[in-house]
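Below you'll find the structure, written out as C-alpha cells, and then a few comments.
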Protein chains: 2
Amino acid sequence: MATIRDVALLAGVSTATVSHVLNNTRTVSEVTRDRVVAAMEALGYQPNAVARSLRVNETLTIGLILPDVELPFFAWVAKCIEKVASDLGYNIILCNSGWSLSRELRYLENLQTRRVDGLICISVGLTNEHVAPLLRRHMPVVWFEEARIEGVSDAVLIDNVRGAYEATRHLVAQGHRRIGCILGYTPTVVTSDRLLGYQHALREAGLPFDRTLLCSGDYEAPSGLRGARQLLDLAEPPTAIFAFNDMMALGALQVAHERHLRVPDQLALIGFDGIPLTEFMSPSLSTVRQPIPEMSRIAFDLLLDRIHDRAPNESRTVRVEPVLVPRASTLLV
Amino acid sequence: MATIRDVALLAGVSTATVSHVLNNTRTVSEVTRDRVVAAMEALGYQPNAVARSLRVNETLTIGLILPDVELPFFAWVAKCIEKVASDLGYNIILCNSGWSLSRELRYLENLQTRRVDGLICISVGLTNEHVAPLLRRHMPVVWFEEARIEGVSDAVLIDNVRGAYEATRHLVAQGHRRIGCILGYTPTVVTSDRLLGYQHALREAGLPFDRTLLCSGDYEAPSGLRGARQLLDLAEPPTAIFAFNDMMALGALQVAHERHLRVPDQLALIGFDGIPLTEFMSPSLSTVRQPIPEMSRIAFDLLLDRIHDRAPNESRTVRVEPVLVPRASTLLV
DNA sequence: GCAAGCGTGGCGACGATTCGCGATGTTGCA
DNA sequence: TGCAACATCGCGAATCGTCGCCACGCTTGC
C-alpha cells in the first residue's frame with residue numbers, strides 16, 4: 001500500500017509537503033499542490049490513520065460501553081451517539097457489556113490500550129475506583145443516564161425521581177388508587193430513583209405504599225410479563241401498572257390481551273424511556289420520554305471539552321428533564 | 001504515560017525483553033519476567049495498541065456497516081457480531097449508514113484509512129466497483145444478509161425466496177386465499193427475493209397473483225401501519241397479511257386492534273426476521289426466523305480466513321436456511 | 001574443547017507530523 | 001539601480017511506541 005513517501009517521490013517533493021497538502025497545515029503553491037494531488041490519485045493513496053494517531057497522540061475514536069444494544073432503548077442511544085460522533089469525524093467502538101462488571105472492566109482495559117480519546121459509559125457496575133486511573137491518564141469519561149459516581153467525572157442524567165413521580169401522578173389523576181409497579185434491575189440508581197418518585201407521588205396523593213404491589217423485573221420484556229401476571233393474580237389486583245421501562249410495559253400489555261382486559265378501562269399501563277416503538281403499540285403506550293438525541297449531544301460536548309482541555313477541573317453533571325407522554329394506554333376517552 | 005522503554009529501564013532489561021514478556025513470544029527467565037511485571041505494575045504501564053498496530057500491521061478492529069441500529073433486527077445483528085468479535089479479541093467500529101449510499105461510502109473511506117482488518121457490511125447501495133479497491137488492498141469484506149455482489153467477496157445470506165415461500169405456504173395451509181403483502185425497501189435484493197417466494201407459493205397453490213394485494217413499505221413500523229390500512233380498505237380485503245419484516249407486521253397488528261379485528265380469526269399476520277420482540281407481542285407474532293447468532297459466527301470466520309490468508313481465491317457464499325416460526329397470530333385454535 | 005541451546009540486547013523499521021532551516025522571489029527605500 | 005528585509009514555500013531529520021531480526025555470551029553435555 002502506498003505511503004506518504006511514495007507520493008512524495010512520485011510528485012518530486014518531500015513528505016513534509018505532502019503532509020501539508022493533506023492537512024492544510026501550511027500554504028502550498030498551487031502547482032505543487034496539484035502535482036501532489038495527482039500523485040496521490042495515481043497511487044490510490046490512503047493516509048494511514050494508525051501512524052497519524054501514533055504521532056499526534058489522538059485517535060478520533062471514542063468508546064461506548066452499554067449493557068445491551070439489543071434492547072431498543074440502548075439501540076436508540078447507540079444510534080444517537082454514533083450520529084453525533086460521526087458528524088464530528090469521530091468513530092465509536094461498540095462495547096456490549098451484557099450487564100456484566102467483569103466485561104465492563106475488560107472493555108475499560110482494552111479501550112485504554114487502544115488510546116481512545118474518550119469514553120461514554122452506561123454502566124451497571126463501574127465505580128469510582130475503576131475510572132480513577134483513566135482520569136489520571138487524561139482519558140475523559142462521561143456517564144450517561146446512570147451514574148453512581150457523581151462528582152468524579154462528567155455525567156448527563158435525567159431526573160428519574162421526577163419522571164417516575166410524573167408517571168405515577170398521571171395514573172392517580174386518571175382515578176387509579178391501586179397502582180402496581182414492575183421494578184427494573186435493582187442494583188442501579190436508575191431503578192431506586194424511579195421507586196422514590198413512585199413513592200413520593202403516592203404519599204402526595206395520600207395513598208398507602210403497599211409492598212405487595214411491587215414486583216421485581218430486569219428491564220426486559222419477559223420480566224414485565226411475569227410481573228404483570230403476578231400483580232393481576234393478587235387478591236386485590238391493581239387497576240394500573242407502572243413498568244419501569246417500556247419493554248416491561250410491553251410484556252404487561254401482552255398479559256392484558258391474554259386475559260382479555262380492556263386497556264386502559266380495566267387496566268391502565270405506563271412505561272418509561274419513550275422508545276419510538278411505544279407509539280406503534282396497540283393501544284399506543286403512555287410513557288416518560290428521555291430526550292436521548294439532546295442527551296447524546298450534551299454527552300459528546302462534555303467529552304470534547306475535556307479532550308481539548310477546556311473544561312473546569314471539577315466534574316459537571318447535566319440534568320435533563322424527562323417528559324410525560326400520555327397516550328391511549330392510560331387515557332380514558 | 002509510561003512506555004515500554006520506561007518499563008525496560010526500571011526493570012533493568014531491554015525493550016525487546018519487555019515486549020517478549022508482554023506477548024509471550026519467546027522464553028524469558030522467571031526472575032527477569034517477575035522484574036518486568038513488577039516494573040509494569042509500578043508504572044501502571046498500558047501497552048500502546050496504536051504503536052503496536054503500526055508495527056505489526058494489524059488493528060484487531062473490524063468495521064460494521066449497517067443501515068440503522070435502532071431497528072431491532074439490526075440491533076440484534078450488531079449484538080451478535082460484537083459478541084463473536086470481542087470473544088476473539090477484536091473490536092468493532094459501529095457505522096450507521098442511515099440507508100444512505102453516500103454515508104456508506106464515507107464510512108468505507110474512513111475504515112480504510114483506519115486500517116481495520118476487515119469489514120462486515122449490510123449495505124443498501126454498495127456495489128462491485130465500490131469494494132474492488134478494498135479487496136485489492138487486501139481488506140476483506142463480508143456481505144451480511146443482503147448481497148448484490150455475489151462472486152466478488154464472501155457473503156453469508158439466507159434463502160429469502162425459501163423463507164417467504166414458507167411463510168406464504170403456511171398462510172395458505174391455514175385456509176387463506178387472499179393474502180396481502182407489505183413489501184420492504186424495494187431496491188434491495190432481500191425484498192425482491194421475498195416477493196419471488198410469495199409468488200411462488202401462490203402459484204403452487206393455484207392462487208392468482210393480484211397486484212392490488214401488494215403495498216409498499218420500508219421495513220419500519222409506520223409503513224406497516226399504512227400498508228395494512230390500505231389493504232384492509234380494499235373492496236375485497238385480504239384475510240391474511242404477510243409483512244416482509246417483523247416491524248411492519250407490528251404496525252399491521254396495531255391496525256387490527258384499531259379496527260377490532262380478532263387476530264388470527266379475522267386477520268392472520270406473519271412477519272419476517274424473528275426478532276426476539278415478536279415473542280412478546282399480543283398475540284405472539286408468527287415469523288420466519290433468521291439464525292443471526294450462527295450467521296454472525298460464520299461471517300466472522302469467513303473474515304478471519306481472509307485476514308489470515310487461508311482462504312481460497314474465489315469468493316464464498318454461505319447460505320443459511322430460515323426457519324418458519326408459527327405462533328398465535330396465524331394459528332387458529 | 002566444542003557444538004548446541006538458551007536467554008538477552010541493539011537497532012532499524014512501521015508511516016506519519018512538525019520544527020527549524022534555507023533557498024528562492026518580492027518589495028521598499030536610499 | 002542596488003541591496004536589505006521579508007514573505008513564501010520546500011526540505012531534512014527527529015520523533016511517536018512497539019516489534020522482530022540478528023548477534024552475542026553463557027551454560028551444559030558429551
Side-chain angles (χ1 to χ4, degrees), chain A residues 1-40 43-61 89 110 112-117 137-139, chain B residues 1-37 39-40 43-61 89 109-110 112-117 137-139:
Chain A
M1 182 164 305
T3 74
I4 201 173
R5 186 165 281 111
D6 300 325
V7 175
L9 225 61
L10 183 61
V13 299
S14 73
T15 62
T17 303
V18 178
S19 171
H20 285 127
V21 169
L22 221 47
N23 304 302
N24 271 317
T25 35
R26 180 158 100 172
T27 49
V28 173
S29 71
E30 198 151 345
V31 221
T32 315
R33 153 169 273 119
D34 288 350
R35 273 221 314 283
V36 170
V37 171
M40 295 199 301
L43 294 170
Y45 172 67
Q46 293 266 1
N48 185 328
V50 176
R52 176 172 211 286
S53 290
L54 176 61
R55 183 62 230 256
V56 304
N57 207 29
E58 171 188 64
T59 53
L60 295 179
T61 303
N110 183 247
Q112 280 180 269
T113 281
R114 292 188 122 81
R115 300 294 192 267
V116 297
D117 294 337
R137 293 191 179 99
H138 302 110
M139 172 144 137
Chain B
M1 184 164 305
T3 74
I4 202 174
R5 186 165 281 111
D6 301 325
V7 175
L9 225 61
L10 183 59
V13 299
S14 72
T15 61
T17 302
V18 178
S19 170
H20 287 122
V21 169
L22 221 47
N23 304 303
N24 270 316
T25 36
R26 92 181 168 191
T27 50
V28 174
S29 71
E30 198 153 345
V31 222
T32 315
R33 154 169 273 119
D34 288 350
R35 272 222 313 285
V36 170
V37 171
M40 295 199 300
L43 293 169
Y45 172 68
Q46 293 267 2
N48 185 327
V50 176
R52 176 171 211 287
S53 290
L54 176 60
R55 181 63 230 259
V56 304
N57 207 29
E58 170 188 65
T59 52
L60 296 179
T61 304
E109 281 289 310
N110 183 247
Q112 281 181 268
T113 282
R114 292 188 122 83
R115 300 294 192 266
V116 296
D117 294 336
R137 294 190 179 100
H138 302 110
M139 172 144 137

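Scope of the values below: all heavy atoms of this structure, side chains included, with no hydrogens, waters or symmetry mates.
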Spacing of [X] atom [atom1] relative to [N] atom [atom2], expressed in whole Å:
{"X": "A/Arg114", "N": "D/dG17", "atom1": "CZ", "atom2": "P", "result": "18 Å"}
{"X": "A/Asn57", "N": "D/dT15", "atom1": "CG", "atom2": "C1'", "result": "12 Å"}
{"X": "B/Leu54", "N": "C/dG12", "atom1": "CG", "atom2": "P", "result": "17 Å"}
{"X": "B/Asn48", "N": "C/dC14", "atom1": "CG", "atom2": "P", "result": "19 Å"}
{"X": "A/Met40", "N": "C/dG15", "atom1": "CE", "atom2": "P", "result": "17 Å"}
{"X": "A/Ile4", "N": "C/dA16", "atom1": "CD1", "atom2": "P", "result": "5 Å"}
{"X": "B/Asn24", "N": "C/dG7", "atom1": "CG", "atom2": "P", "result": "13 Å"}
{"X": "A/Leu43", "N": "C/dA16", "atom1": "CG", "atom2": "P", "result": "12 Å"}

Find the distance between [atom1] ([X]) and [atom2] ([Y]) and round it off to the nearest 0.5 Å.
{"X": "B/Leu60", "Y": "A/Thr113", "atom1": "CG", "atom2": "OG1", "result": "11.0 Å"}
{"X": "A/Gln46", "Y": "B/Glu109", "atom1": "CD", "atom2": "CD", "result": "5.0 Å"}
{"X": "A/Arg115", "Y": "A/Met139", "atom1": "CZ", "atom2": "CE", "result": "9.0 Å"}

Practice task
Residues of residues 5-14 of chain A with any non-hydrogen atom less than 4.0 angstrom from an atom of DNA chain D: list those, numerically ordered, please.
Solution key: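 By residue number: A/Gly12, A/Val13, A/Ser14.
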Between the protein and nucleotides 22-25 of chain D, are there any N/O to N/O pairs under 3.5 Å, and if so, what are the atom names and distances?
none

Only counting residues at least two apart or in another chain, list the ones meeting side chain to side chain contact (heavy atoms under 4.5 Å, CB included) with [X].
{"X": "B/Leu43", "result": "B/Ala2, B/Asp6, B/Val7, B/Leu10"}
{"X": "A/Glu30", "result": "A/Asp34"}
{"X": "A/Ala16", "result": "A/Ser14"}
{"X": "A/Asn57", "result": "none"}

Handout entry: A/Arg137 side-chain N/O to A/Gln112 backbone N/O, donor-acceptor pair under 3.5 Å
Key =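 Side chain of A/Arg137 to backbone of A/Gln112: no pair is present.
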Problem - Distance below 4.0 Å between A/Thr27 side-chain N/O and D/dT8 OP1 or OP2 - result: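 Answer no for this pair, as no side-chain N or O of A/Thr27 is under 4.0 Å from OP1 or OP2.
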Handout entry: Those residues of residues 28-38 of chain A lying under 4.0 Å from DNA chain C by at least one heavy atom
Key =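 Contacts with DNA chain C under 4.0 Å: none.
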Exercise for the section: For B/Ala16 and for A/Asn23, locate the closest nucleotide of DNA chain C by heavy-atom distance; then report the residue assigned to the nucleotide nearer the 5' terminus. Expected result: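 So the residue in question is B/Ala16.
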With sequence neighbours excluded, residues passing side-chain hydrogen bond (donor to acceptor under 3.5 Å, both in side chains) with [X]:
{"X": "A/Ser29", "answer": "A/Thr32"}
{"X": "A/His20", "answer": "none"}
{"X": "B/Arg114", "answer": "A/Thr61, A/Asn91"}
{"X": "B/Ser53", "answer": "none"}

Practice task
Please determine, for the side chain of B/Thr17, which listed nucleotide (C/dG7, C/dT8, D/dG10) has the closest atom?
Solution key: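 Closest nucleotide among those given: C/dT8.
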Practice task
Measure from the side chain of A/Thr15, starting at C-beta and using heavy atoms only, and say which of D/dG17, D/dT18, D/dA13 lies closest.
Solution key: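 That would be D/dA13.
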Exercise for the section: Could you tell me whether B/Ser53 contacts a base, only the sugar-phosphate backbone, or nothing, with contacts defined as non-hydrogen atoms closer than 4.0 Å? Expected result: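 If one applies the 4.0 Å heavy-atom cut-off, B/Ser53 turns out to touch nothing in the nucleic acid.
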Practice task
Could you check B/Ala2 against A/His20 and say which one's nearest nucleotide on DNA chain D is further toward the 5' end?
Solution key: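 Its nearest nucleotide lies further toward 5', so the answer is A/His20.
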